[in-house]
Amino acid sequence: MVAGAGLVTCVLLMLVALPASDVAAGADAGRPGLDGEPARAVRREAARPRAAGCAWDATLASTAGRTNEGARDARPLEPPRPTAFADRSALALDPAADGARDGAAKSLEKTIAKLEKKLAKSEAKEAKAAGKLAEAEQLELDGQDALAAAELLPETTKKEQKAKAKAIKKANKLLAKAAKRQAKWSGVIAQQQAKQDALQDEIDELESQLTVEQLSGAPTLTLAPGGLDALDFAWDALEGAAGYELAWSATAGVDPDAADGSAAVDGTSYRLDPQDTGMFVHAVLRARAGEVVSPASNEVAALLPAWDETFAPDWADVEPLDVIALDYDPELSETGNGARLKTAVGALQPGDRLEVGAGTWSIASKWEIAKAGTAQAPIFVVAADGARPVITRPDASQNVINVGSGGPARYLCLRGFEITGGSAGVRFVDCQEVWFDRNDVHGTGEAALTANQVDTDRMFITRNHLHDTSGYGEGMYLGANNGAVIMSRAVIALNHVHDTGGLQGDGIELKQGSWGNRIVGNFIHDTHYPCLLVYGTDGAERNLIERNVLMRSQDNTLQVQGEAIVRDNLIVGGNVGVHSHDHQGLTRDLELVHNTIVNDGKATNLTSWNGREGMVCANNVVYSGTNKSLNFTGGSSGVAIAGNVVVGQVVGATTGFVQGVGLADFVDLLWEGGAYEAVPAAGAAMLGAGDASYATGVDLLGNARGQSVTAGCIDAP
């Protein structure tokens, strides 16, 4: 992590009939089932290289307050759909200036063309002189040969002496003639080369000016939506650019000459890996042509959490016993290749690693993966290096993949696939020690992922991109109502979940009775129902919800019943920021600590807290623009309340908080989440306002907290 890292200004973009057959059979209680040239030419080209040729919608639809309890109700409203990462300084050029610039460029190009014609004529003269010089050099060789031959002539008689002297004289005349011609043509060559150097210098100067004209614009930088394990930057080629420089920093307002990191790029894309930066990234791009540098591009910002080895299972690094390559067969159809994939997975044994090549693998029949490896010999089904295989179905009558259906799945990893179509994308059934990592699940008829048929234990759902769902539309639906099915000891980390639509569309929903789960470092935004909805554990080990970024739900942004530790989260926008009440169980043993909750409407709705055991509300920043901040609707007797900073009316409590100023307390944050640089500003009310008794070890960015306790999810910079 980068010390003192800042938050993002703005981040990423972004009724079907119930499926038949096995899909309906999986219903849980109270819920339908979800199933090279001369040197001078090179110099000229280097002087004039040629390259091959969003703001967020901050307006949210208003919705009636809802608690998501009881039967599912239809929600006709679609979630807002921002189209791209926000541009902090989008370039807007004056058309008149563009026209003047084009005219100047044409004039420069015309002058350069004339000089290049002169240069070409000089080069032709030089070439002709070089030919004459070669002839003179040959003449010298002929003279030397003649002289050598003359010196070998006999000279015993006067006649022979006279003939030899005559031959030597003739050879010397030939040598003198050769020397004279060499001097002449060497002089011509030197003259033309000097002329060419002068012309080339003039051309270079004019081409430098022309390059400035060509790079007077700026490139446009975009950031492709994806998972949270890497950032994929892209841009269109800029006329005249020979290369590019991407620069990034942890805070907004990136200075390319003083950035935290940078990379020189020859092409028009770049992947930034987590080890190169901190959790939140701001980036700009400049084009280069020799010594000329373009203005900086628009600034984009994104979330890139650091990987923690505890997010992976213990067997993650076990070496395979056998590696099997499965390449796509272009002679077969998509369904033909899908059948090959299904067969190959079905034949795997403990210790096998199947590496699947790029292509679309369509599974035409129900696909059940019931494979059991061991801790010493796990089974991996992964994308081949550099490949992004697509797994899909020709219809939505089945889920794309059913894991642990038809038999248990154990010590199994699925990684690196794009999964689209079908009913649910992936349904987990009898699963323990299953790792679902770095997959892109989207365009499903129902939820992206479900685990609601059989109890699951020690699942690892990490670094996935889940988006654009339909039907009931959850990103993850985990467990079943009233504890009928539970998930335990799972790790749900670094997933990017957004644009979950349909009838409900929670980002992640963890049902009643599920316990001991870690929900860490996820980025969830633009959901229909809550970004994150977590029920209680029925008295079992509490769930941990920490260091998540939750934004812009059309419902409650975070809804949590109880029996959980909720700490170091950033929660922005939504109908209600944080809602907590009795729901299939009693609200109890709930700690709400070091969160930043910002909403134009009601920031919190903390009902059923009065007189309940184990309730803590400490060191939070809770700001409402127009409504209540801390809202203990039933009272707060017995609740530990300390170190909070509030803006907005407090209901049901009289101590444990101080007043904040408002959004001026942050570097750059908006009520609805269009910008959320939630780093405390200089002199902010939350600095030193926290209670040390409730301080967490690290903040949202993973930085150790200082001795002077700052309230909210990010410590003092």
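Reckoned from all heavy atoms, side chains included, excluding hydrogens, waters and symmetry mates.
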*Asks:* Taking R438's backbone N and O only, do any of them form a donor-acceptor pair with H465's side chain (distance below 3.5 Å, no angle check)?
*Replies:* no
*Asks:* In a check of side chain to side chain contact (heavy atoms under 4.5 Å, CB included) between V284 and each of V300, V254, N298, L246, which one passes?
*Replies:* V254
*Asks:* Does the cation-pi check pass for R489 over W515, that is, NZ or CZ under 6.0 Å from the six-membered ring centre and within 45° of its axis?
*Replies:* no
*Asks:* Side chain to side chain contact (heavy atoms under 4.5 Å, CB included), that's the test. Do N522 and V497 meet it? Break it down for me.
*Replies:* CA-CA 8 Å; N522 301 282; V497 185; 5.9 Å; no
*Asks:* What's the verdict on side chain to side chain contact (heavy atoms under 4.5 Å, CB included) for V390 and W361, showing C-alpha distance, side-chain angles and the deciding distance?
*Replies:* CA-CA 6 Å; V390 179; W361 310 75; 5.8 Å; no
*Asks:* Sub-3.5 Å donor-acceptor pair from the side chain of S488 to the main-chain atoms of D457, do we have one?
*Replies:* no
*Asks:* Measure from the side-chain N and O atoms of N402 to the backbone N and O of V426, and report whether any donor-acceptor pair falls under 3.5 Å.
*Replies:* no
*Asks:* Any side-chain heavy atom of Q432 sitting closer than 4.5 Å to one from T456?
*Replies:* no
*Asks:* Atom CG in L466, atom OG1 in T444: separation rounded to 0.5 Å?
*Replies:* 9.0 Å
*Asks:* Keeping T500 on the side-chain end and G505 on the backbone end, is there a donor-acceptor pair under 3.5 Å?
*Replies:* yes
*Asks:* Check whether S514 reaches the backbone of L510 with its side chain - one donor and one acceptor, N or O, closer than 3.5 Å.
*Replies:* no
*Asks:* Over 60° means perpendicular and under 30° means parallel, so tell me whether H467 and H498 are parallel, tilted or perpendicular.
*Replies:* parallel
*Asks:* Got V454 and F428 here, is their nearest side-chain heavy-atom distance under 4.5 Å?
*Replies:* no
*Asks:* Evaluate R547 against D568 for salt bridge (charged side-chain N to carboxylate O under 4.0 Å, His left out), listing each step before the verdict.
*Replies:* CA-CA 5 Å; R547 293 169 32 208; D568 300 302; over 6 Å; no
*Asks:* Please test I508 against I524 for side chain to side chain contact (heavy atoms under 4.5 Å, CB included), starting from the C-alpha separation and ending with a verdict.
*Replies:* CA-CA 8 Å; I508 298 175; I524 312 173; 3.7 Å; yes
*Asks:* Name the atoms and distances for all side-chain donor-acceptor pairs under 3.5 Å in residues 404-419, with sequence neighbours left out.
*Replies:*
unit_1, atom_1, unit_2, atom_2, d
S405, OG, E368, OE2, 2.7
R410, NH1, D430, O, 3.1
R410, NH1, D430, OD1, 3.2
R410, NH2, D430, OD1, 3.1
R415, NE, D437, OD2, 2.8
E418, OE2, H442, NE2, 2.7

*Asks:* Look only at the side chain of N548 and the backbone of I519, and say whether a donor-acceptor pair between them is shorter than 3.5 Å.
*Replies:* yes
*Asks:* Are F436 and N495 side-chain neighbours, meaning at least one heavy-atom pair lies under 4.5 Å?
*Replies:* no
*Asks:* Determine, step by step, whether I545 and N569 satisfy the side chain to side chain contact (heavy atoms under 4.5 Å, CB included) criterion, reporting the C-alpha distance in whole Å, the side-chain angles of both residues, the deciding distance to 0.1 Å, and the verdict.
*Replies:* CA-CA 8 Å; I545 303 167; N569 301 282; 4.1 Å; yes
*Asks:* With a 3.5 Å distance limit and no angle check, can you tell me whether D555 reaches the backbone of S553 through a side-chain donor-acceptor pair?
*Replies:* no
*Asks:* What is the ring orientation for W435 with F380, classed by angle as parallel under 30°, tilted 30 to 60°, or perpendicular over 60°?
*Replies:* perpendicular
*Asks:* Enter the distance from T222:OG1 to D236:CG here, rounded to the nearest 0.5 Å.
*Replies:* 7.5 Å
*Asks:* Taking side chain as C-beta onward, heavy atoms only, is I363 less than 4.5 Å from I391?
*Replies:* yes
*Asks:* Just to verify, which of M487, E509, M459 counts as forming a side chain to side chain contact (heavy atoms under 4.5 Å, CB included) with L478?
*Replies:* M487
*Asks:* Determine the sole option in L231, L223, D260 for which the side chain to side chain contact (heavy atoms under 4.5 Å, CB included) test with V281 is passed.
*Replies:* L231
*Asks:* Keeping Y244 on the side-chain end and L238 on the backbone end, is there a donor-acceptor pair under 3.5 Å?
*Replies:* yes
*Asks:* To the nearest 0.5 angstrom, please state how far the CD atom of Q349 sits from the CG atom of D322.
*Replies:* 10.5 Å
*Asks:* Using 0.5 Å steps for rounding, measure from the OH atom of Y477 to the CZ atom of R427.
*Replies:* 10.0 Å
*Asks:* Spell out, as yes or no, whether a donor-acceptor pair under 3.5 Å connects the side chain of E446 to the backbone of Y472.
*Replies:* yes
